[in-house]
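The structure under discussion appears below in the form of structure tokens.
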2 protein chains.
Amino acid sequence: MDCRYKYERPALAINCVIFGFDGVKLKILLIKRGIEPFKNQWALPGGFVNVNETIDEAAQRELKEETGVDHVFMEQLYTFGSIDRDPRERVVSVAYFALVRISDYKLIAGSDASNAQWFTMNSIPSLAFDHSVILEMAINRIKGKIRYQPIGFELLDDKFTIPQLQAIYESILERKIDRRNFYNKIKKTGLLIFLDEKQQKAAHRAATLVTFDKDKYLKLKEQGYAFEI
Amino acid sequence: MDCRYKYERPALAINCVIFGFDGVKLKILLIKRGIEPFKNQWALPGGFVNVNETIDEAAQRELKEETGVDHVFMEQLYTFGSIDRDPRERVVSVAYFALVRISDYKLIAGSDASNAQWFTMNSIPSLAFDHSVILEMAINRIKGKIRYQPIGFELLDDKFTIPQLQAIYESILERKIDRRNFYNKIKKTGLLIFLDEKQQKAAHRAATLVTFDKDKYLKLKEQGYAFEI
DNA sequence: ACAAAAGTGTTTGGAATACACCCATGC
DNA sequence: GCATGGGTGTATTCCAAACACTTTTGT
């Protein structure tokens, strides 16, 4: 092996905070560690960065290995570089957060179900390494982000209803939002395409299915439009 | 030397985007590289992370080496992990941005002045590595940040005037702000302590000197107060 | 006296919130 | 019919931008 530098260097890893939405609550995907250290404890998915891949690629690779999903919303969160965060040796970790559609994920999970599990925000177990800190930062980030970036859609199917979207906002922001104001506000953005379809098997009046007009959003964004809810 | 891992690992570096304010414009500190690669080109201050220091410490160390200043506002910006960003080998860099008082800096600069220089935002030369991208992101970050975090004060002396503070906002946001609205708004926060001193040698009416009430801000922040301008 | 910038107060328009009301569907 | 939630419109409150006016200081 080649060691060109005269001194030791930290190892570089990535971790992913994977958010999903089950229709009611925001959830976070954790895995149960199979090896030491922290064996049998819950942790964020993660792994080391190869020398021939970018850190973004490493994060995507890890996400794919863990959930089978690809091409999802993913963004760098923060880099954690305390000295003792890993008992084995010095490891610096770049944390990412990802938004996935749980329904997509379900299709692929089966293989090794017991070691990966969705947790709601208020039932998070104690985590390995400094992963609680990472998770906390991810939750704060998503709370701030959802206000001024249309990321709620990333957690839903292509076709969704406005009440579903509202449930995401309420779950992430942890507060109730007036149903009618939310409806009016989201409609006024002009970024929703209303379909001629209704929600199926609704207990009562069925909601209209809509899609997010991503093309329109990207065009407006280039012209300086700032999304806000 | 000890190489415990079976495969090559990326090197880990930090870079600092150092902002200062000269009373008129926002400035950025660049250094002229003395060695290859990119010898004689301008670049962001930076260096490798030692295995026995946190990444934050590495950034502070580098800032101190470069400007002599310490205990300034500093925050992690983003981590850059493209494969070819350094022609020598694979280097991942954690970028930071810092806000310094140029007057503090002046006291120490003398030693090796020619290789470090302040640049205004619109006179940035072409930079080494991917540092233009880093700088662009830092500028966007500070533009967003100054709206909802009281960081303008970090660029001024302890005693400053409201028009000076406004000049910082205008310089960072690159737009004019109504003088009177700014005055009223910043005053209404209650976070300024008005001193019984006036600005010296003003061309005309002297402005009142004020200080930022950091203690009060921190207390309010804990209670959920959100600064905003 | 006059110019220039500091400091104070009022008006106004638009956005956010609150909320009344009607509609569709299952039981 | 009635309970439940979807969909629409309006009133009110509040905040930010616009702007008129007064004060202070140097020349």
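Chain A is the first sequence line, chain B the second, and so forth, proteins listed ahead of strands; every chain is numbered from 1. Everything quoted here is computed from the prediction, not taken from an experiment.
There is no side-chain donor-acceptor pair under 3.5 Å between T54(B) and D56(B). Under the 3.5 Å distance criterion, with hydrogens and angles disregarded, a donor-acceptor pair is assigned to the side chains of S93(B) and N15(B).
If you take CZ of R175(A) and P of dA16(C), they are 12 Å apart, rounded to a whole angstrom. Note: CZ (F194(A)) to P (dG6(D)) measures 13 Å, nearest angstrom. Rounded to whole Å, atom P of dA16(C) lies 9 Å from atom CD1 of I229(A). Taking atom CD of Q199(A) as the reference point, atom C1' of dG7(D) lies 13 Å away to the nearest angstrom. Nucleotide dA5(C) holds its P atom 11 Å from the NZ atom of K176(B), rounded to whole Å. In this structure, NZ of K198(A) is placed 17 Å from P of dG5(D), rounded to the nearest angstrom.
A cation-pi contact, defined as under 6.0 Å to the ring centre and within 45° of the axis, is absent between K145(A) and F97(A).
Between the side chain of R205(A) and the base of dA3(D), no donor-acceptor pair of N or O atoms lies under 3.5 Å. Side chain R180(B) to base dA18(D): no donor-acceptor pair is found below 3.5 Å.
Checked against dA6(C), dT4(D), dA5(C), the side chain of H204(B) finds its nearest nucleotide in dA5(C). Closest approach to the R179(A) side chain among dC19(C), dG7(D), dA17(D) is made by dG7(D) (side chain taken as heavy atoms from C-beta onward). Proximity note for P163(B) (side chain, C-beta onward) versus dT17(C), dT25(C), dG7(C): the nearest is dG7(C).
Residues Q164(B) and D178(B) each lie close to DNA chain C; by heavy-atom proximity, the contact nearer the 5' end of the strand is made by Q164(B). The nearest heavy atom of DNA chain C to A202(A) and to N184(B) marks one nucleotide each, and the one closer to the 5' end goes with N184(B).
For T208(A) and dG7(D), the shortest distance from a side-chain N or O to OP1 or OP2 is below 4.0 Å. Between K187(A) and the phosphate of dT8(D), there is a side-chain N or O to OP1/OP2 separation shorter than 4.0 Å. For K185(B) and dA17(D), the shortest distance from a side-chain N or O to OP1 or OP2 is below 4.0 Å. When the side-chain nitrogen and oxygen atoms of Y183(A) are compared with OP1 and OP2 of dG6(D), none of them lie within a distance under 4.0 Å.
Ring to ring, F80(A) and Y78(A) are close: their centroids are under 6.0 angstrom apart.
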Is there a side chain to side chain contact (heavy atoms under 4.5 Å, CB included) between D157(A) and S103(A) once you walk through the steps?
-> CA-CA 8 Å; D157(A) 294 336; S103(A) 54; 3.0 Å; yes
